[in-house]
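Naming convention: chains lettered A, B, ... in sequence-line order (proteins, then strands); numbering from 1 in each chain.
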Number of protein chains: 2
Amino acid sequence: MPSQFGQFCPIALASEVLTQKWMLLVLRELNAGATRFNEIRRGVPRISATLLKQRLLQLESAGIVTRRPVGADGHEAYILTEAGAELKPILSAVGTWGQRWARDIEREDLDPAWLVWAMHRRIDTAAMPQGRTVLALHFVDAPAHHRLFWLVCEHPRVEVCIKPPGFDDTLRVETDVRTMAEVWRGIRPIGQALSEGSLTIEGPSALVGQAPGWFLLSVFSETKRADCR
Amino acid sequence: MPSQFGQFCPIALASEVLTQKWMLLVLRELNAGATRFNEIRRGVPRISATLLKQRLLQLESAGIVTRRPVGADGHEAYILTEAGAELKPILSAVGTWGQRWARDIEREDLDPAWLVWAMHRRIDTAAMPQGRTVLALHFVDAPAHHRLFWLVCEHPRVEVCIKPPGFDDTLRVETDVRTMAEVWRGIRPIGQALSEGSLTIEGPSALVGQAPGWFLLSVFSETKRADCR
DNA sequence: CGGTATCCCCCGCGATACTG
DNA sequence: CAGTATCGCGGGGGATACCG
């Protein structure tokens, strides 16, 4: 796609690559440390495999991504180049603006599977007890197949399961998707959700008190929304 | 267009508006101080009127732009809201990245009319002699109807003419489009272009020496390209 | 100047099925 | 797991003409 805008302005040239559909979300995943094809897809579940591959090729030819052979299989990992790493200020600026000014969350935005995937990257495993901690997440208002998830945490790794992982639950979190989403976004304080009863944590009382601190929430959660004026 | 990406991530929500085609360029113009419909169009000449209007409506409904009645005619001016003003870090980050890492300038990017329009916003009229200064720009390799432009400068205003403005030229600049573009981008030092002879300035020798300083160049011109390694 | 209205084409993209 | 192949449609957007 040569010269989409007919300008040599750096913003126009950068736009050609960066404003393609799904592109910023793919870059967000790569920036968050995703390297494998399906790892990226889990963070951008609504993109088709065909289109994701196409986007990755575009990123490669733009010098933003490189492929590196990995492991024993013939497959490869996608790595950000130096040019890709320098996209971080853009993602940060877009996220900050979105946190402050973007539209409110709609029904269709509330994908519980994506929420859990986002949460699993932001768990403070160092603050957890030694050994394995299993957090069961129960979204009371989600469709049956998206109602239950488990976060299996063993410092420093966190794994997402959609079936019982075979270990006892350490704690059980029960909430609705919107509450958890707003807590994750930093729009609603977790303490408020707890005292309202829209989010409950069950388990050994010593751990129940610590658990809210294990959730590090979105990287933009500290940025305050602007329309509260 | 509700929930294009099915995520409540702030980057995804911001993307819905910001990554529409032409959107960043329209915002660049608004951020540069353009307020009228056709003023924006001159900075984004390849967008159709229909689509520009559509984009402006989207910006309005996203809370990024407001319309304000202006002057005697029934028309209006487009003004950035506070949310729109806070997009500046995004434009800045995208431009900086583009300056460092975006693809090289192609033939079709080299629109001399756009170049002159970009330049006219970045003229240091305060450094010019008192009264009116007329700069004639001659692009030797441009198609006939885009070969000659005039910048009529009278502090602090600069006007672009595509026909002889009716005043004597103070100075005459002769160059090819690519040279002027690369100088404007800060990729090639103007001194180098002058000594190579790919850019010449003719007129009273006292003014010829000052003239290179009148061109403030792109706001990203100080950012160095990265692939010089 | 600042738009509308209309037409129509193309291709971006989603969906589905299949492979090494 | 990491893709490829194919099909088909929808609508985004370019072009052109028109208007107050």
Below the 4.0 Å mark, does D:dA2 have OP1 or OP2 next to a side-chain nitrogen or oxygen of A:R36?
yes
Legend entry - Within 6.0 Å of CG in B:L216, more than 12 heavy atoms from elsewhere: yes
Atom CG of B:L25 and atom C1' of D:dG13 are separated, to the nearest Å, by 15 Å
Between CG of A:L52 and P of D:dA2 the distance, given in whole Å, is 11 Å
Q) OP1, OP2 of D:dG12 versus side-chain N and O of A:K21: anything below 4.0 Å? A) no
**Atom CD1 of B:I162: over 12 foreign heavy atoms under 6.0 Å** = no
Smallest heavy-atom separation, B:L24 atom then B:L91 atom, equals O-CD2, 3.8 Å
When rounded to whole Å, the CZ to C1' distance for the pair B:F5 and C:dG14 reads 14 Å
The complete set of salt bridge (Lys or Arg N to Asp or Glu O under 4.0 Å) pairs with one or both residues in residues 126-151 of chain A, sequence neighbours excluded, reads A:R132-A:E154
Shorter than 3.5 Å, N or O on both sides, protein versus nucleotides 4-10 of chain D: list them out with atom names.
from, atom 1, to, atom 2, distance (Å)
D:dA5, N6, A:T50, OG1, 3.0

Check A:E29 with A:R121, please: is the shortest side-chain N to carboxylate O separation under 4.0 Å?
yes
Exactly one candidate in A:L52, A:N31, A:V65 meets side chain to side chain contact (heavy atoms under 4.5 Å, CB included) with A:V26; the answer is A:L52
A:N38 has its side chain closest, among C:dC1, D:dC1, D:dG3, to D:dC1
Quick note, A:H75 side chain, CB onward, closest among C:dC13, C:dG20, D:dG3 is C:dG20
| What is the nucleic acid contact for B:R55, judged by heavy atoms within less than 4.0 Å: base, sugar-phosphate only, or nothing? | sugar-phosphate
Separation of D:dA15 atom P from B:L51 atom CG, nearest Å, is 12 Å
